[in-house]
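The structure appears right after this line, and notes come after that.
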Amino acid sequence: MKILSVVGARPNFMKIAPIARAIKKRKGLKHILVHTGQHYDHAMSGSFFKDLGIPKPDINLNVGSASHAKQTGLIMIKFEDVLLKYQPHVVLVVGDVNSTAACSMVAVKLGIPVVHVEAGLRSRDRQMPEEINRLVTDSISDILFTTTQDADVNLIKEGVPKDRIYFVGNVMIDTLLLNVKRAESSRILKTLRLKKNHYALMTLHRPSNVDSKENLSLILKAIEKVQTKTKIIFPIHPRTRKNIKKYFSATWLKGMKNLILTEPKGYLDFLHLMRNAKFVITDSGGIQEETTSLGIPCLTVRENTERPITITHGTNTLVGLNKNKIIKESFKILSGKGKKGRRPKYWDGKASERIVSTLVALNRKGKLLR
Ligand code: UD1
């Protein structure tokens with residue numbers, strides 16, 4: 001069976017790494033890896049291939065950054081040629097970025113079955129570009145692999161037949177568990193002069209938080225206060241960096257003595273930073289899951305989450321775009337009252353093996369044909 005899988009943007013890389021490994025272990029499977037080039041900087045893409053040992057992509061579509069329509073359209077045009085040339089038996093996509101939705105649409109129209117890994121997550125917030133990508137991808141996928149049982153319920157409610165849904169667990173956590181020991185060799189704490197458990201880690205990149213001057217200013221004002229009590233490490237996403245530069249004077253952030261700005265970090269350095277932080281402030285989807293798995297308290301600067309299990313079972317708290325809540329919850333954690341959680345079912349490092357075994361079994365039964 002020829003499986004063609006797709007990566008495009010940063011959160012895809014850690015999801016594909018364990019799937020690529022599981023495919024390689026099986027006889028009779030051929031893996032073709034396509035990088036759409038949605039992310040292209042070393043810090044946003046190349047460093048993850050190196051850190052996670054992901055095979056070099058067979059094809060890079062080099063689409064780069066553009067508006068949603070242009071980027072999605074360009075991926076579709078270029079990906080169609082790839083599918084016509086390679087004729088895979090299935091196309092496997094992960095997550096919810098533009099590359100995920102674009103490649104699913106092309107495959108399905110060429111009659112190639114689509115496998116979606118991390119299906120069924122719903123924020124019910126259609127202002128999020130990722131929510132649209134999730135809805136589109138899930139509605140046309142043939143096989144839907146889910147990370148949690150609430151995702152199965154979402155899909156069933158939307159009319160997806162039960163026999164297409166497989167609850168297998170979380171491939172991102174496969175990567176986390178595999179690398180947690182390796183990350184111990186990272187020198188990032190030394191480089192940034194940090195003591196374990198004596199700093200907070202922050203990431204921000206959602207357009208709803210960082211494209212609006214008002215919202216970004218509200219978050220940074222909360223951070224201005226929190227950093228009076230703890231060091232905060234802030235690896236800055238390129239979108240956020242551009243906007244901070246556009247909206248605010250350089251002296252404002254420089255005046256926050258405990259706020260340490262850095263370039264985006266590679267996988268192992270970031271994992272080491274996360275694992276040893278007192279807490280994490282973020283608007284990322286993946287980090288809500290990773291902190292739950294590591295047992296590190298997480299404050300999510302969003303009004304909703306497509307990953308509710310991180311709240312019900314995990315260490316996550318939604319603080320919304322609420323300055324006082326960001327400050328209050330940060331201080332609560334600093335006073336030793338951080339949320340403790342437990343690891344959700346099947347976030348056990350074996351999700352990729354389950355996925356590949358399921359695909360092999362389905363193929364044997366002839367159920368992967370459209
Ligand atoms: C994309 C994904 C988002 C994911 C995020 C992780 C979509 C709709 N969005 O958002 O789901 O959480 O990636 O980072 O698919 N840029 C660089 N170097 C790069 C890539 C981007 O400098 O390698 C800059 C570009 O100027 C670009 C901006 O960052 O305009 C934003 O990048 P873009 O890919 O449009 O969206 P993200 O915010 O990264």
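Computed over heavy atoms, backbone and side chain alike; hydrogens, waters and symmetry mates excluded. Order of listing sets the numbers, starting from 1, for every ligand and every atom in it. If you read the sequence from its start, that first residue is 1, and numbering goes on from there.
- Protein heavy atom nearest atom 32 (O) of ligand 1, with residue, atom name and distance: His39 NE2, 4.2 Å.
- Comment: Asp348 engages Arg354 in a salt bridge, judged by a side-chain N to carboxylate O separation of less than 4.0 angstrom.
- Salt bridge annotation for Lys350-Glu353: absent, with no cationic side-chain nitrogen under 4.0 angstrom from a carboxylate oxygen.
- No hydrogens or angles considered: a donor-acceptor pair under 3.5 Å links the side chains of Glu224 and Trp252.
- Ligand-side atoms of ligand 1 in range of Gln38: 7 (C), 15 (O), range being under 4.0 angstrom from any heavy atom.
- Distances from atom 4 (C) of ligand 1 to the heavy atoms of His68, Arg10, His205 show the closest one on His205.
- A donor atom on one side chain and an acceptor atom on the other are not found under 3.5 Å apart for Asn276 and Asn197.
- Side-chain polar atoms of Asn209 and Asp283 form a donor-acceptor pair below 3.5 angstrom.
- Ligand 1 has no N or O atom lying under 3.5 Å from any N or O atom of Gln71, backbone or side chain.
- Which parts of ligand 1 touch His237 is read off a 4.0 Å heavy-atom cut-off, strictly below it: atoms 14 (O), 37 (P), 38 (O), 39 (O).
- Applying the 4.0 Å criterion to heavy atoms of Val97 picks out, from ligand 1, the atoms 2 (C), 11 (O), 15 (O).
- At a 4.0 Å heavy-atom cut-off, ligand 1 touches Pro11 through the side chain alone.
- Remark: side-chain polar atoms of Thr315 are paired, donor with acceptor, to backbone N or O of Ile296 under 3.5 angstrom.
- Checking only distances, Asp96 never comes within under 3.5 Å of ligand 1, N or O to N or O.
- Here the heavy atom of the protein found nearest to atom 18 (N) of ligand 1 is Asp41 OD2, 2.8 Å.
- Set against the non-hydrogen atoms of Met44, the atoms of ligand 1 under 4.0 Å away are 14 (O), 19 (C), 23 (O).
- Contact annotation for Glu130 and ligand 1: only side-chain heavy atoms (C-beta onward) come within less than 4.0 Å of the ligand.
- The closest side-chain donor-acceptor pair between Asn133 and Thr100, if any, does not fall under 3.5 angstrom.
- Closest to atom 8 (C) of ligand 1 among all protein heavy atoms lies Asn98 OD1, 3.2 Å.
- By the 4.0 Å N-to-carboxylate-O rule, Glu118 lies too far from Arg134 to be salt-bridged with it.
- Any N or O atom pair closer than 3.5 Å counts here, and Asn133 shares no such pair with ligand 1.
- For the pair Lys56 and Phe49, the cation-pi criterion (under 6.0 Å, within 45° of the ring axis) is not fulfilled.
- When ring centroids are compared, His39 and Phe13 stay outside the 6.0 Å threshold.
- Of all protein heavy atoms, the one lying nearest to atom 26 (O) of ligand 1 is Lys242 NZ, 2.3 Å.
- Nearest protein neighbour of atom 19 (C) of ligand 1, counting heavy atoms only, is Tyr40 CZ, 3.5 Å.
- Arg239 NE, 2.7 Å is the protein heavy atom nearest to atom 38 (O) of ligand 1.
- If you check which protein heavy atom lies closest to atom 29 (O) of ligand 1, you get Pro238 CB, 3.7 Å.
- By the 30° and 60° cut-offs, the orientation of the rings of Tyr267 relative to Phe48 is perpendicular.
- Looking only at heavy atoms of the protein, atom 25 (C) of ligand 1 is closest to Ser65 OG, 3.3 Å.
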